[in-house]
Amino acid sequence: MAQEDVFKKLVAHCKEYGFVFPSSEIYDGLAAVYDYGQHGVELKNNIKKYWWDSMILLHENVVGLDSSIFMHPTIWKASGHVDAFNDPLIDNKDSKKRYRADVLIEDYLGKIEDKILKEVTKARKRFGDSFDEKVFRETNGRVLEHQKQFDTVHTRYAKAMNDMDLNELRQIIIDCEIVCPVSGTKNWTEVRQFNLMFSTEMGSTSEGALKVYLRPETAQGIFVNYLNVQKTGRMKIPFGIAQIGKAFRNEIVARQFIFRMREFEQMEMQFFVRPGSELQWFETWKATRMSWHKALGFGDENYRFHEHEKLAHYANAAVDIEYRFPFGFKEVEGIHSRTNFDLSQHQKFSGKKIQYFDPELNESYTPYVVETSIGVDRMFLQIMAACYCEETVENDGKTDTRVVLKFPPALAPVKLAILPLMKKDGLPEKAREIMNELKFDFNCQYDEKDTIGKRYRRQDAIGTPFCVTVDYQSVEDNCVTIRYRDTMLQERVSIDKLHDIIAEKINPKVLFSKIV
RNA sequence: GCGGAAAUAGCUCAGUUGGUAGAGCAUCAGCUUCCCAAGCUGAGGGUCGCGAGUUCGAAUCUCGUUUUCCGCUCCA
């Protein structure tokens, strides 16, 4: 089966069994926005719990936080998001290539500068030691002409960028006769601005409302609460703050199902360390996070690190953990050494001193930060992809297929199904009795419709790890059978022991013990 | 955002040269059956993505639009 087909089946399965629905579907949907259905939300919650507990329970020096989606707008100036996400873009209609309008103009200006430099170099060669560059630049006709051209364009360009005058940017490109490097034509579209942050207005719109953004990452909520947490929690460096929450990015193209959405959820942990120790901690968290993924048992060979060659403005080291999706290796988690960029910026923009006094060193410093950042939705998709199986089943010489989601029991949306073998003779009552005993601790489903085989298949399709079957004998001896999802084997156990057996098997300790 | 393709019941799909929409599975109500789907009976469910246009008449032809998929592009 082709890999793309697997992906398509996965998407169909997600919808058919209540994991993921397109948003606003009865209104034709909303592009790249999805809702989690009755089973999806359970799986998602379990994923979040697995992450949260692995951070909060397993590390004494990591604490949680839940910061707001709305934050003071200046935070996004400090973080660099306001500037970095306001690119004016223009398309060439012939080559279909997209460019940043400002980059096209800057390249053009760069070429003029090159021309001037060429003249200068030539002249220096000719005149030798007696060459005076300043005088040459002020007197040479060709240079002056280039310089004049440069100044004119640069002035217009600077003003246009300052005003974000998109029409003027386009006019500059036309006036300068800038051509597309690919097609060589001047057939340009309008300049459009893609602001990757969603904005809205806070306060009554009539009287000076404040423009606020929906956060494009959860990290800044942690940085701006650094002092609060450190002081009230009496935290000593090194320590971490973990947070799970929604983030929003107005992506130009959001596609591939829930892999890239405009509204998504992140699980981030910012770990504050001594300056100079950040790369060591970077390595430590790399290993820890990788072991967290591998503990799920989806095959070590399906994971790899991808080192970033081009680093973001705030980072001095960055690596992705990639998983082999049906559509290739893709990022599921990023680990970044963010230096002290963020805290320094907030110190600068807020005017508040954000420092840590290190009693061991007897000095104050701005902590360095190592970040682990994972997308919940990508993790969800990754788990669906890893667990989706189509199997051939032999029974009484009949061949037959089943679709089964082999979730680790700790993550499964429904932990067990309770199934009376027959819909009569007191079996449903007995099954209900068991259900009422277990429903407080486990997500259970009761099903008495159709043949037992059909009911097993239904539970397989949503990844329920255990099916408890109540038969005639159960009424007499208080024993039931547990049917295991992956092996389809059955085990007869006493009803009294059911709770402990299930609790043991879904205990995330099994996963936690594999994390370094 | 550009180019290409697609959209009919919950799912997979039929639907003739334009004449008021069908199957299988699924769902629901019964019956039958002591452990791995597709036994029997019955029922519900679609203004054919949406909006215009052509036509006596449009699921079918034309245009627009929305969504999805595939490429390109973008992704601090």
Side-chain angles (χ1 to χ4, degrees), chain A residues 4-5 7-9 11-13 15-18 21-34 76 79-87 89-100 182 189-194 196-197 216-217 219 249-257 259-260 262 308 310-315 318 327 331 334 336 338 341-342 391 393-396 398-404 419-425 427 449-461 467-475 480-485 487-490 492:
Chain A
E4 293 74 35
D5 294 343
F7 187 63
K8 274 184 186 160
K9 285 190 174 187
V11 175
H13 195 87
K15 169 148 189 234
E16 197 170 346
Y17 290 92
F21 306 127
S23 164
S24 319
E25 206 183 0
I26 61 170
Y27 289 96
D28 285 338
L30 185 62
V33 186
Y34 292 89
W76 305 113
S79 69
H81 286 81
V82 172
D83 295 331
F85 281 102
N86 277 306
D87 302 337
L89 299 176
I90 190 166
D91 292 353
N92 182 274
K93 288 180 186 167
D94 297 314
S95 65
K96 313 287 182 204
K97 295 286 174 192
R98 167 169 298 159
Y99 302 94
R100 276 173 56 175
V182 175
T189 63
E190 295 301 303
V191 175
R192 282 160 305 206
Q193 194 171 357
F194 293 88
L196 269 73
M197 281 198 290
E217 64 174 23
R249 293 182 198 178
N250 204 355
E251 303 276 1
I252 297 167
V253 172
R255 239 186 256 170
Q256 270 177 320
F257 196 41
F259 191 79
R260 176 161 294 136
R262 297 205 166 96
H308 285 214
K310 274 168 64 181
L311 294 172
H313 58 276
Y314 53 71
F327 43 94
E331 176 193 350
H336 306 110
R338 292 182 78 129
F341 176 83
D342 299 278
E391 288 185 347
V393 183
E394 294 274 350
N395 196 49
D396 288 343
K398 285 189 299 183
T399 3
D400 162 29
T401 58
R402 68 165 185 160
V403 175
V404 49
L419 317 170
L421 196 55
M422 303 300 295
K423 200 170 40 174
K424 57 183 181 186
D425 303 327
L427 267 50
K449 172 87 181 153
D450 296 312
T451 63
I452 193 71
K454 252 184 170 177
R455 284 180 272 167
Y456 287 150
R457 294 302 152 84
R458 277 203 285 265
Q459 296 301 328
D460 289 342
C467 287
V468 169
T469 311
V470 178
D471 54 29
Y472 283 109
Q473 213 185 317
S474 305
V475 186
V480 289
T481 54
I482 301 178
R483 177 261 194 189
Y484 295 99
R485 179 193 64 202
T487 60
M488 297 169 68
L489 295 176
Q490 288 180 289
R492 194 156 191 96

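Naming convention: chains lettered A, B, ... in sequence-line order (proteins, then strands); numbering from 1 in each chain.
- Residues satisfying the salt bridge (Lys or Arg N to Asp or Glu O under 4.0 Å) test with A/Arg457, not counting sequence neighbours, are A/Asp400.
- In this entry the distance linking CZ of A/Arg492 with C1' of B/C35 reads 11 Å, nearest Å.
- For A/Asp460, the salt bridge (Lys or Arg N to Asp or Glu O under 4.0 Å) partners are A/Arg402, A/Arg483, not counting sequence neighbours.
- Between A/Tyr34 and A/Phe257 the shortest heavy-atom distance is CE1-O, 3.6 Å.
- Position along RNA chain B of the nearest nucleotide to A/Met488 versus A/Glu217 favours A/Met488 as the more 5'-ward residue.
- A/Glu25 comes within 4.0 angstrom of nothing in the nucleic acid, heavy atoms only.
- With both pairing distances under 3.5 Å, B/U33 is matched to nothing as a Watson-Crick or G-U wobble pair.
- In this structure, of B/A37, B/U68, B/C36, it is B/U68 that holds the atom nearest to the side chain of A/Tyr34.
- In the set B/C75, B/C36, B/C35, the nucleotide with an atom closest to the side chain of A/Arg260 is B/C75.
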For nucleotides 24-26 of chain B, tabulate all protein N/O to nucleotide N/O atom pairs closer than 3.5 Å, reporting atom names and distance.
residue : atom : partner  : partner atom : Å
B/A26   : OP1  : A/Lys454 : NZ           : 3.3

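- Judged by distance alone with a 3.5 Å cut-off, a donor-acceptor contact links the side chain of A/Arg483 to the base of B/C36.
- Across the C1' atoms, B/U68 and B/U60 are found 22 Å apart, a figure rounded to whole Å.
- Contacts of A/Glu16 classified as side chain to side chain donor-acceptor pair (under 3.5 Å), with partners at least two apart in sequence or in another chain: none.
- For the side chain to side chain donor-acceptor pair (under 3.5 Å) test, no residue two or more places apart in sequence or in another chain qualifies with A/Arg455.
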Grab the N/O contacts between the protein and nucleotides 32-34 of chain B below 3.5 Å, and write none if there aren't any.
none

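- The partner of B/U62, taking Watson-Crick or G-U wobble pairs whose two distances both stay under 3.5 Å, is B/A52.
- In this structure, B/G3 and B/C70 make a Watson-Crick or G-U wobble pair, each of the two defining distances being under 3.5 angstrom.
- With sequence neighbours left out, A/Val33 forms a side-chain contact (heavy atoms from CB on, under 4.5 Å) with A/Ser23, A/Leu30.
- As a whole-Å value, the separation of A/Lys449 NZ from B/C28 P is 6 Å.
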Measure all distances between protein nitrogen or oxygen atoms and nitrogen or oxygen atoms of nucleotides 41-48 of chain B, and list the pairs falling under 3.5 Å.
none

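- When both pairing distances are held under 3.5 Å, B/G45 makes no Watson-Crick or G-U pair with any nucleotide shown.
- In terms of the side-chain contact (heavy atoms from CB on, under 4.5 Å) criterion, residue partners of A/Asp425 (sequence neighbours excluded) are, by chain and number, A/Tyr472.
- For A/Ser474, the side-chain contact (heavy atoms from CB on, under 4.5 Å) partners are A/Val470, A/Asp471, A/Val480, A/Arg492, not counting sequence neighbours.
- Using a 4.0 Å heavy-atom distance criterion, A/Ser79 is classed as making no nucleic acid contact.
- A/Phe21 meets the ring-ring contact (aromatic ring centres under 6.0 Å, His included) test with no other residue; sequence neighbours excluded.
- Listed by chain and residue number, A/Phe325, A/Phe327 satisfy the ring-ring contact (aromatic ring centres under 6.0 Å, His included) test with A/Phe259 (two or more places apart in sequence, or in another chain).
- Considering only side-chain N and O atoms, A/Lys15 lies nowhere under 4.0 angstrom from the phosphate OP1 or OP2 of B/G10.
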